Amino acid sequence: MTILVERLSLIYHAGSPLERVALHDVSLRVADGSCTAIVGVTGSGKSTLAQCLNGLLTPTRGRVVVDDLELTPRGLRGGDLRELRRRVGLLFQFPEGQLFAPTIGEDVAYGPSRQSLKRQEIQERVRWALRAVALPDDSAFLERSPFALSGGQRRRVALAGVLAMRPRIVVLDEPSAGLDAEAREGIYATLRELREREGLTLIVISHDMSEVAALAETVLALSDGAMALSGPTDEVFRQTEVIEAVGLLPPPLAQVAALARAQGLLRAEPASLTVEALAEALAPRQSSARGALADGRRPRMESIEGDDHAG
Amino acid sequence: MDSPRAANARTQRADICVERLNYRYPGATNAALSDVSLAIAQGEYIALLGHNGSGKSTLARIIGGLTRPTSGRVTVAGLDTAEPAHRARVRQVIGMIFSDPDNQIVATVVEDDVGWGLAARGFPHALIVQRTREALTAVGLRGAYGRAPNELSGGQRQRLAIAGVLALEPALLIADEPTAMLDPRSRVEVSALLRQLNRERGLTVIHVTHLLEEAAAAGRVIALDRGRVALDAPPTQAFSDLDRLRALRLVIPDTARLAERLRALGSPVANDALSPAALVRALERPQ
C-alpha cells in the first residue's frame, strides 16, 4: 500500500478575510513498508499534511491516493472515509491526553468496538496491540486505569488504541515529544519492530532531527507550506545549511560533520552519519596508537585496528 | 512579613546546605532520597542529573521548600526551607521553573505576567514596570510587550516563565527539567539563557535534567541514583567515564560517543566537549 500525494494545496477559510494557505503544491510518494519523516518548524504545514492523509481535512486542490481510495476536493472516491481512516491510523501529538476510559482494556478497545467486530475479535486485537507496543496483555493489566501509568506507558496505550484498528499506515505526530530518554528509546524500538514484523508503513511528523535520524530513511522538509527539500535522510542531513535555513536544528553528528567539513578537518566524506563512520573520517591519520599512549592509556584493540584500516 | 525592600537578591547570598536528607513518599516502600548531604555555594551552576525516579526532582523540590523532608534538613541562606516561619523569606530567595511553563503563566498579557509576582507582593507600580522591563530584556523577550502568552512558542513561554521568576530577583533559580517539553532549538536557547544568567548575574542555578548535553555547560555535575548521590564532580571529570554514566542509566549523547571513539583513535578531545562546536574546536587545536 503506497500513499501518493499530488500537487496538494490546502487553504483554510478560503475566500474569507481569514484565508491562510497551509499547504502549497505539495507532492510526495511514500513506499510500502518505509518510514518517512515530515519535518518543519511550527506552522510549516506538517500537521495539516498529516490530517489530509487520512481525510480529516479535504484538499483545496490536488489529491491524496491510498491504493484504490482517492481523496480530492470533491470528496473521497472508491470507498468511504471510515475505510480510509481504518487504513491510515493517526497518532496525534501528546495522545495520552486523549485517553478517557476507566480501564486500559476499554480504552484500547474503543476503536475496534465501533467496527462491528465480534467481542472475541476485539479482545484479541486489544491484546495483540498491547503486545505490539511492549505492554503486558494480561487481564490484571487490562483492568488497570490508564491514568496510573507513567507518561511513556500512557503514550504506548494511546498507540495501542490506534494499532487495534489494524491500520497499514500509521501517521505519528511528534511521537517522542516530552518523553525522557529511556521512554523515547522504547518508543523508537517499538516503532522499528512494528515495521519489521508487521510491515507497517510509518510517517513521522517531527521537528526533532534526532528522532528523524533514529527512525526514518526518507525526509521531507516543509517550509511555509511548501516542500523545501526531500531525499534520503543521510543526504538531507548533509545539507545542514538548508536544514538551518528552514529553521530546524540538524542532528548533533550532522552538525559536527558540517563544522569539520568547513574547517577542512574531514579526511574523507563519512560513509554515513554514525559515530563509527564519523570517527573514521575525523581521526588523525597515523597517530592513533601513539596518541592513545601519549594520553597515558594503553591503546585499545579497536584503535589498533582502526589504525590499520586507516593506513 | 518582610518589607519588599528586604528582597534585594543581588546583594543576597544563598549558600545551600543539605544535611543528611531522607525522603520517603507516603505509602512508598523505597526511599526517594537516602542520606543526601551537599554544600552548594552562591554563584555555582549545578546540573542535577539522574534517570527517571532517581530522586532529582524530589531533591529540587525539597531544596526549593515545596516538599518537607522526612528527616534531615536543607538551609538556603541560613534559612531552613521546611520551617513555616521562613516561608516568605525562602520564597524571596528561591525561584523555581518547571517543564511546563503554562503551569506558571497566569496573565493574559506578557508584561502583566512578569509583574504578577511583584504585584501580588505589593510592590509599587514604578518598580514593577522597571523590573518587568529588566526581566524581559534579560530573557530576550523585549519585543513581546502586549502579546498574549499563548501566541508565543514553547521556548518563548519558558523564557517568559523565567522572566516572571527573575522579576522577583531571587538568588537561587531551580529549574526542574525546564527543556523537557521544548523542541531542540528552544532547548538550546533556554539552556544558554540559564548559563548566561548564572554568569552575568551570579545567580545560583540548579538545573535538573537527564540530558548530558545540558549538564556539560554546568560548573558541577551532581548525579543521583536510587536516591543517593552517585557522582559529584566538574563536567570534565564526570564525563571521563562514560561507562559509569551508562551504569547510572543516563543516555550518552552521540557527540560524547564520538568524542570517546576519537580519543580511542588518538585525538585529544576533552571529556566535556559535548556540543558539536566544542568537539570540532577540540579537533582544530594543533596536536
Side-chain angles (χ1 to χ4, degrees), chain A residues 41-43 94 150-152 174 177-185 206-211 213 247-260 262-265 273-276 278-280 282-284 286-295 297 299-300 302-303 306-307 310, chain B residues 49-54 56-57 99-100 152-156 177 179-189 209-213 240 249-270 273-287:
Chain A
V41 296
T42 309
F94 295 107
S150 73
E174 307 275 357
L179 296 182
D180 74 20
E182 213 173 305
R184 216 168 245 257
E185 287 303 320
S206 188
H207 53 212
D208 181 343
M209 297 303 110
S210 302
E211 175 172 274
L248 296 165
L249 198 64
L253 291 183
Q255 290 179 52
V256 171
L259 288 168
Q263 299 295 331
L265 293 168
L273 285 173
T274 58
V275 167
E276 282 303 311
L278 203 50
E280 192 64 31
L282 281 169
Q286 305 148 343
S287 64
S288 63
R290 239 186 304 136
L293 282 170
D295 209 22
R297 288 179 299 160
R300 292 193 197 168
E302 69 255 40
S303 61
D307 198 28
Chain B
L49 273 175
H51 60 81
N52 270 19
S54 61
K56 58 188 191 303
S57 285
S99 299
D100 188 351
L152 304 178
S153 72
Q156 288 172 326
E177 304 248 17
T179 67
M181 294 180 74
L182 304 181
D183 65 76
R185 189 170 275 252
S186 306
R187 253 183 242 159
V188 172
E189 281 172 16
T209 180
H210 57 252
L211 299 173
L212 295 187
E213 299 91 313
S240 63
R249 288 162 63 199
L250 293 167
V251 172
I252 311 301
D254 285 346
T255 46
R257 289 173 45 228
L258 177 60
E260 183 183 43
R261 182 82 186 115
L262 284 168
R263 280 193 293 276
L265 292 173
S267 292
V269 181
L274 293 192
S275 75
L279 206 155
V280 173
R281 265 199 310 276
L283 289 169
E284 276 170 26
R285 281 188 213 125
Q287 293 165 16

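Here is the naming used below: chain letters follow the sequence lines, and residue numbers restart at 1 for every chain. In this text, all values refer to a predicted model and were calculated from it rather than measured experimentally. Hydrogens, waters and symmetry mates play no part in the numbers below; they use all other heavy atoms, side chains included.
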For this session: Please confirm whether the backbone N or O of B:Ile252 pairs with a side-chain atom of B:Arg257, one donor and one acceptor, at under 3.5 Å?
Result: no
Exercise. Contact part of A:Leu278 toward chain B, heavy-atom cut-off under 4.5 Å: side chain, backbone, both or neither?
Worked result: both
Seminar exercise, completed: On a heavy-atom basis, the closest approach of A:His207 and A:Glu174 is N-OE2, 3.3 Å
Problem set entry | B:Val188 versus chain A, the contacting section by heavy-atom distance below 4.5 Å | side chain
Exercise. Less than 4.0 Å between a side-chain N and a carboxylate O, is that true for B:Glu177 and B:Lys56?
Worked result: yes
Seminar exercise, completed: Assert top hit (heavy-atom pairs under 4.5 Å, partner chain B, pool A:Ala254, A:Ala258, A:Pro252, A:Ser210) equals A:Pro252
Seminar exercise, completed: With chain B, the option among A:Gly247, A:Ala183, A:Gly264, A:Pro251 that has the most non-hydrogen atom pairs under 4.5 Å is A:Gly247
For this session: Look at B:Arg261 together with B:Asp254 and state whether they make a salt bridge at an N to O cut-off of under 4.0 Å.
Result: no
Seminar exercise, completed: Whatever's closer than 4.5 Å to a heavy atom in chain A on B:Ala259 counts as neither
Problem set entry | B:Ser267 side-chain N/O to B:Val269 backbone N/O, donor-acceptor pair under 3.5 Å | no
Exercise. Between B:Leu274, B:Val280, B:Leu279, which residue shows the highest count of heavy-atom pairs closer than 4.5 Å to chain A?
Worked result: B:Val280
Problem set entry | Worked verdict on A:Gln255 versus B:Thr255 for side-chain contact (heavy atoms from CB on, under 4.5 Å) | CA-CA 10 Å; A:Gln255 290 179 52; B:Thr255 46; over 6 Å; no
Problem set entry | Contact class of B:Arg281 relative to chain A, heavy atoms under 4.5 angstrom | neither
